[in-house]
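One structure is given below, represented as structure tokens, and several questions about it will come after.
All figures in this text were calculated on a predicted structure; none of them were measured in a lab.
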Amino acid sequence: MRLGIKEIEQIIPHRHPFLLVDYIEDFVPGEWATGYKCVTFHEDFFRGHFPQEPVMPGVLTVEALAQVGAVAILSLEENKGKTAYFGGINKCRFKGKIVPGDKLKLETKIIKKKGPMGIGEATASVDGKVVVKAELTFMVG
């Protein structure tokens, strides 16, 4: 089930310039979501990171993965209208650069849930090559 910006904004509270997902390709509420960020040279962060060699900041890639996971968890009926907050970032590895022109695939699978807390297994890739992997702990509040 594909979601565009307007549908994503109905699920998570993020807005431009901090909404880092262009569309959700598919998802199962409470289980997983796959989304995409089409990275352009016009992203605000490229003005300072780095002007001579534009690279998407790793922390923003992790945030984009968290936003995709938030779509999965906040699309559950009992979580509608709530916010998912970071509880932790574990086992995070940066394995490649993300540059203007890349189509960033963002996949987050919810692997553990207990009450309002949970863990998502997150992977970002470009052209099939993994660029970021992390375990994201979240709390719904």
Side-chain angles (χ1 to χ4, degrees), residues 1-51 53-141:
M1 174 176 13
R2 186 178 163 122
L3 303 175
I5 292 290
K6 295 297 177 200
E7 293 88 2
I8 294 169
E9 287 180 341
Q10 290 173 3
I11 300 170
I12 64 175
H14 304 78
R15 298 295 181 265
H16 179 79
F18 211 68
L19 179 57
L20 299 172
V21 181
D22 292 327
Y23 68 96
I24 297 292
E25 181 180 68
D26 201 6
F27 71 105
V28 172
E31 294 186 27
W32 60 270
T34 299
Y36 287 88
K37 167 74 176 155
C38 299
V39 182
T40 74
F41 186 73
H42 296 288
E43 308 290 346
D44 290 338
F45 50 78
F46 284 140
R47 291 188 301 148
H49 197 271
F50 302 99
E53 183 187 351
V55 176
M56 184 171 176
V59 294
L60 293 183
T61 307
V62 173
E63 173 63 28
L65 286 163
Q67 290 180 17
V68 168
V71 168
I73 208 70
L74 297 177
S75 60
L76 284 170
E77 194 59 44
E78 64 265 26
N79 292 335
K80 286 197 190 306
K82 295 182 180 177
T83 300
Y85 298 98
F86 261 124
I89 302 167
N90 297 306
K91 301 178 186 172
C92 188
R93 295 289 176 263
F94 300 99
K95 299 169 177 270
K97 293 192 290 187
I98 301 159
V99 299
D102 284 346
K103 184 176 179 181
L104 186 60
K105 184 177 186 178
L106 305 156
E107 301 172 280
T108 303
K109 179 181 177 187
I110 309 304
I111 59 171
K112 188 175 185 182
K113 283 187 286 188
K114 185 171 184 179
M117 297 186 74
I119 298 173
E121 188 176 79
T123 305
S125 59
V126 175
D127 296 327
K129 181 185 181 293
V130 173
V131 290
V132 178
K133 274 184 97 63
E135 246 183 36
L136 308 177
T137 304
F138 63 86
M139 188 164 79
V140 176

Exercise. Any side-chain heavy atom of Lys95 sitting closer than 4.5 Å to one from Lys133?
Worked result: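 Touching, per the 4.5 Å side-chain cut-off.
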Problem set entry | Over all atoms of both residues, closest heavy-atom pair of Gly30 and Ser75 |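 Nearest pair, atom of Gly30 first, then Ser75: N-OG, 4.4 Å.
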Exercise. Between Gln67 (side chain) and Leu20 (backbone), is there a donor-acceptor pair under 3.5 Å?
Worked result: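 Yes; at least one donor-acceptor contact below 3.5 Å.
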Problem set entry | Residue among Val55, Leu60, Thr61 satisfying side chain to side chain contact (heavy atoms under 4.5 Å, CB included) with Ile98 |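 Among Val55, Leu60, Thr61, the one meeting side chain to side chain contact (heavy atoms under 4.5 Å, CB included) with Ile98 is Thr61.
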Problem set entry | From NZ (Lys109) to CD (Glu135), nearest 0.5 Å |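 Between Lys109 NZ and Glu135 CD, I get 12.0 Å after rounding to 0.5 Å.
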Exercise. Does any N or O in the side chain of Glu9 come within less than 3.5 Å of the main-chain N or O of Lys6, such that one atom is a donor and the other an acceptor?
Worked result: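 Looks like no, no N/O pair under 3.5 Å.
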For this session: Can you see which heavy atom on Gly120 is nearest to which on Thr108, and at what distance?
Result: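 The answer is CA-CG2, 4.2 Å.
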For this session: Measure across Cys38 and Asp22 and return the closest heavy-atom pair with its distance rounded to 0.1 Å.
Result: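 Heavy atoms of Cys38 and Asp22 come nearest at N-OD2, 2.6 Å.
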Exercise. Ion pair present between Glu43 and Lys37, side-chain N to carboxylate O less than 4.0 angstrom?
Worked result: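 Yes, this pair counts.
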Exercise. At their closest point, which heavy atom of Gly69 faces which heavy atom of Ile110, and how far apart are they?
Worked result: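 Smallest heavy-atom distance, with atoms named: O-CD1, 4.3 Å.
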Exercise. Quick one: CD1 on Ile12 to CD1 on Ile73, what's the gap to the nearest 0.5 Å?
Worked result: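 Reported value, rounded in 0.5 Å steps: 13.0 Å.
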For this session: Supply the atom-to-atom distance Asp26 CG to Leu3 CG, rounded to the nearest 0.5 angstrom.
Result: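 Output value for this atom pair is 9.0 Å.
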Exercise. Which pairs, with at least one residue in residues 27-49 and sequence neighbours excluded, count as a ring pair (Phe, Tyr, Trp, His ring centres under 6.0 Å)?
Worked result: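 Sorted pair list: Tyr23-Tyr36.
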Exercise. Quick check: does any side chain N or O of Asp102 sit under 3.5 Å from a backbone N or O of Val126, one acting as donor and the other as acceptor?
Worked result: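 No, the answer is negative, given that no donor and acceptor are paired below the 3.5 Å cut-off.
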Exercise. Is there a donor-acceptor pair under 3.5 Å between the side chain of Thr83 and the backbone N or O of Gly141?
Worked result: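 Such a contact is absent between Thr83 side chain and Gly141 backbone.
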Exercise. Under a 4.5 Å cut-off applied to non-hydrogen side-chain atoms, are Val68 and Thr34 in contact?
Worked result: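 No, side chains not in contact.
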Exercise. Would you find a donor on one side and an acceptor on the other, under 3.5 Å apart, between the side chain of Glu31 and the backbone of Val28?
Worked result: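 The answer is no, because no donor-acceptor pair under 3.5 Å joins these two groups.
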